[in-house]
Peer 1: 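Here's a structure for you.
Computed from a predicted structure; not experimentally measured. Only heavy atoms go into these numbers, but all of them, side chains included; no hydrogens, no water, no symmetry mates.
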Amino acid sequence: MSRELWKEMGLTQEEYTKIQEILEREPNEVELGMFATMWSEHCSYKTSKPVLRTFPTEGPRILQGPGENAGIVDIGDGQAAVFKIESHNHPSAIEPYQGAATGVGGIIRDIFTMGARPVAVLDSLRFGPLKSKKSRFLLDGVVAGIAGYGNCIGIPTIGGDIYFHPSYEDNCLVNVLCIGLIDQKDIAKGTAAGPGNPVMVVGARTGRDGIHGCTFASEELSEDSEERRPAVQVGDPFMEKLLLEACLELIKTGYVVGMQDMGAAGLTSSSCEMASRAGTGIEMDVAKVPRRETGMNPYEIMISESQERMLVVPKQGKEEEVKKIFAKWGLEAVVVGQVTDDGFMTIKEGEKVVARVPAKALTDMCPAYTSEAVEPEYIGPAQSYDLSTLPEMEDYSQTLLSLLGTCTIASKEWIFRQYDHMVGLNTIVQPGSDAAVLRIKGTNKALAATVDCNARYVYLNPYAGGKIAVAEAARNLVCSGALPLGLSDCLNFGNPGKPEIFWQFKEAARGMSEACLELETPVTGGNVSFHNETKGEAIYPTPVVGMVGLIKDLSHVTTMNFKKEGDIIILLGENKDELGGSTYISVIHGLEAGNAPEIDLKLEKLVQRSTLELIKEGFVTAAHDCAEGGLAVALAECCIAGNIGADVNLTDGIRGSSLLFGESQSRVIITVPKEKIDAALQRLKKLEVPYKVLGNVGGKALQIVGTGWKLRLDTAELEEKYREAIPCIMNS
């Protein structure tokens, strides 16, 4: 085997030597391709595994943690929510429409392969500044791809988040979360159990698109990446809809032993992972795999990442019934092999054996690496920057308008208007609130979901930033009336071979793990996306948290919009004199410095539990998390959403910029009807949560009065600045 071939496939000398030792011979091209794809960072997690093992993954509501196609949580009454988040970053940076579209398609398949009906999608996106022509092109294509796939398949895109920062200019992030619902008795697993059971390829035909897509995702982008455009898969949402319905119908029959999506590494990954989980082997004849292109060889068939395909292991003797179900939906279902008891992946082309590899060699025997971790040099100077020397702005009103017009804070209506977020008629709280809320048909319950991560915090202090990402996601669910159940994470970082990058990764994971334990939100699975860099420059570390919560009674659903004249505004939590990592110092002073905001997880837990208790007891008419832009932006968003003003007094003895625009954590704004305020305050005292009465709802302006200063803006002016920022740039 030539050095150029294994090196070209992304393997190291040490890995190639280990492959030789496992096989006790030289691998052929097909075998080498199988190892290269399965041992890629994208498929194997060979660098991140030791860190991922530190996450808490068990809890009273966890039915399925990491290791399967998606995580599952118990939502009562014999039902469960199935969810997972994954990335499609590199493909989207090269071919934004198809990269994003196939990202949606892939995560949807991960959900219905567990037997669940997908009911919602959320997306977490990162781009460079919109003043850049390239960023506008990428945003336009990605949004169109998400809308095109989700709208056509009939699954609502109900929420998400989006940030704009120069570090994502050449390497955008496209992370997609999908949620499904299932009766617990119908849960399916991705195992190839039972020697003699048939192995069937179902769905779309195999083509050459996506070949070595996972190895492409395991290297940094460069000027040559455009040449890798063929590695981007092409999606067909109409085919996926048929596949979804056929697979769910098949699972209901009880014929299915195991099922798995052909995602990264295609037929190779689906077959060897299913065999490895079951401790079995699989023998397949690639000549029987339906193809849409002529002349495809075994190597191409085994590692193609063509979309809308599944590998199914039904019970022996049920092959014809499986074929009938798929034929009903206009799809092919072809027996290509069988489960064996020898633990080997035996790949044939007709009678010729073209590859023979132990199944566990491709999965469990992949080398794991413990990388060096070194604190980056920028951390010390950034954290020690003296922010007290920054001058106070003379006009806080104009400062607030500037922040509301910043693309990361401004309304994302231009984006989510392109998504069908009402298909299925179950969306109760639409995009734009703290969390999206979806009714569970036939019950009085609902699911709330959110995706969150402020990468600036993680850049300045990965440990604190990791904790905040988890805490903010849980806080957003609580503000919607939901009890957080668990999370799926998408950890987006640069090259882990660089000690500074791996330090960011380890520290962020350490913070996330602590927050998960304290807030009782175990990790059910997720995705690691490394090598997000271009020309040696990494993105800001971005560990996105996708979290799902349960609303036990629809009367508890809460939104951020101020509702009624005279409602009393209360802040739960504490204002602090801190500006580090804030949008304010970035936008107004051009700095990304200071430390990330402090976070006390015990206070966070107290604020969240108190908020949820008050909601359940009927005291709360509106609730909103304080996040980017601080208290002033949060109040403005409540006014804009409710088309009503507010009168607020702030007398904390803290400088105006920190009070208004500092991003202190563990703060929630709530409103309480005037007639219930005495009882609500008594309840707050009993809960022993810090709180402050800020003022009342009413009028047509937001007025905030402090010591020696006043901010006043008409709600119409706030709304115009907030809603028009992104459309003005995109339409220019």
Side-chain angles (χ1 to χ4, degrees), residues 52-86 107-122 177-193 244 247-248 250-252 254 256-261 263 273-274 276-278 310 313 426 435 437-451 470 473-474 477 482-490 512-513 516-517 519-527 545-552:
L52 299 179
R53 292 191 184 108
T54 66
F55 283 144
T57 59
E58 297 180 349
R61 289 186 176 270
I62 304 301
L63 299 176
Q64 176 64 59
E68 265 290 348
N69 291 293
I72 308 178
V73 291
D74 184 353
I75 59 172
D77 304 313
Q79 295 177 301
V82 181
F83 64 103
K84 189 181 182 184
I85 188 170
E86 284 202 341
I107 196 65
I108 288 172
R109 289 194 299 279
D110 279 339
I111 300 307
F112 71 74
T113 193
M114 302 294 292
R117 177 169 292 279
V119 293
V121 166
L122 294 89
L177 172 76
C178 186
I179 305 167
L181 290 171
I182 191 172
D183 290 333
Q184 293 179 25
K185 61 180 176 60
D186 293 329
I187 292 172
K189 300 292 183 72
T191 58
L244 184 162
C247 288
L248 292 183
L250 176 62
I251 288 170
K252 291 284 187 183
V256 176
V257 174
M259 179 186 297
Q260 181 146 326
D261 162 42
E273 287 174 0
M274 291 178 74
S276 182
R277 289 189 193 112
M310 307 284 280
V313 176
N426 293 316
V437 178
L438 199 72
R439 177 190 296 106
I440 302 174
K441 275 184 179 174
T443 75
N444 193 41
K445 301 183 296 187
L447 288 178
T450 186
V451 285
V470 174
L477 295 181
L483 174 70
L485 299 181
L487 67 87
S488 181
D489 56 54
C490 200
M512 293 173 69
S513 183
C516 289
L517 284 169
L519 301 178
E520 300 173 43
T521 54
V523 177
T524 65
N527 175 226
V545 171
M547 194 176 287
V548 171
L550 177 65
I551 301 174
K552 292 185 178 180

Peer 1: Of all the heavy-atom pairs spanning Ala278 and Ala192, show the shortest one and how long it is.
Peer 2: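 Shortest heavy-atom separation between Ala278 and Ala192 comes out as CB-O, 3.4 Å.
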Peer 1: Atom CG in Asn426, atom CZ in Arg439: separation rounded to 0.5 Å?
Peer 2: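 That separation rounds to 6.0 Å.
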Peer 1: Just verifying a value: how many Å separate Thr524 OG1 and Met547 CE, rounded to the nearest 0.5 Å?
Peer 2: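 Atom-to-atom, Thr524:OG1 and Met547:CE are 10.0 Å apart.
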Peer 1: Using modelled atom types only, decide if a donor and an acceptor are shared between the side chain of Thr57 and the backbone of Val523 within a distance under 3.5 Å.
Peer 2: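 Pair absent, no side-chain N/O of Thr57 close to backbone of Val523.
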Peer 1: What heavy-atom pair brings Gly526 and Lys84 nearest, and what distance separates the two atoms?
Peer 2: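 Closest approach of Gly526 to Lys84, heavy atoms only: O-CE, 3.6 Å.
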Peer 1: Could you pull out the closest heavy-atom pair between Cys490 and Ile85, with the gap in Å?
Peer 2: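 Distance-wise, the nearest heavy atoms are N-CG2, 3.8 Å.
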Peer 1: Quick one: closest heavy-atom pair of Val73 and Leu63, and the distance?
Peer 2: C-CD1, 4.2 Å
Peer 1: Rounded to the nearest 0.5 Å, what separation is found between the CG atom of Leu447 and the CD1 atom of Ile551?
Peer 2: 8.0 Å
Peer 1: What pairs meet the side chain to side chain donor-acceptor pair (under 3.5 Å) rule with one or both residues in residues 61-78, with sequence neighbours excluded?
Peer 2: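 The answer is Gln64-Lys189, Asp74-Gln184, Asp77-Lys445.
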Peer 1: Heavy-atom distance under 4.5 Å between the side chains of Ile179 and Leu122, does that happen here?
Peer 2: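 Side-chain contact under 4.5 Å: yes.
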Peer 1: Can you name the closest pair of heavy atoms from Thr54 and Ser513 and give their distance?
Peer 2: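 Answer, listing the atom of Thr54 first, then Ser513: O-OG, 3.0 Å.
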Peer 1: Name each donor-acceptor pair under 3.5 Å that joins a side chain in residues 108-120 to protein atoms two or more places apart or in another chain, with its distance.
Peer 2:
from, atom 1, to, atom 2, distance (Å)
Arg109, NE, Asp261, OD1, 2.6
Arg109, NH1, Gly105, O, 3.3
Arg109, NH1, Glu240, OE1, 2.7
Arg109, NH2, Gln307, OE1, 3.0
Thr113, OG1, Met259, O, 3.0
Thr113, OG1, Gln260, N, 3.4
Arg117, NH1, Glu245, OE2, 3.0
Arg117, NH2, Glu245, OE1, 2.9

Peer 1: Roughly how far apart are Asp186 CG and Ile251 CD1, rounded to 0.5 Å?
Peer 2: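 The CD1 atom of Ile251 is 8.0 Å from CG of Asp186, to the nearest 0.5 Å.
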Peer 1: What pair of heavy atoms forms the shortest contact from Val121 to Cys178, and how long is it?
Peer 2: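 Result for this residue pair: CG2-SG, 4.2 Å.
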Peer 1: Test Leu485 against Leu477 for side chain to side chain contact (heavy atoms under 4.5 Å, CB included), laying out the working first.
Peer 2: CA-CA 10 Å; Leu485 299 181; Leu477 295 181; over 6 Å; no
Peer 1: Would Leu181 and Ile75 count as a side chain to side chain contact (heavy atoms under 4.5 Å, CB included) here? Give the steps.
Peer 2: CA-CA 10 Å; Leu181 290 171; Ile75 59 172; 3.9 Å; yes
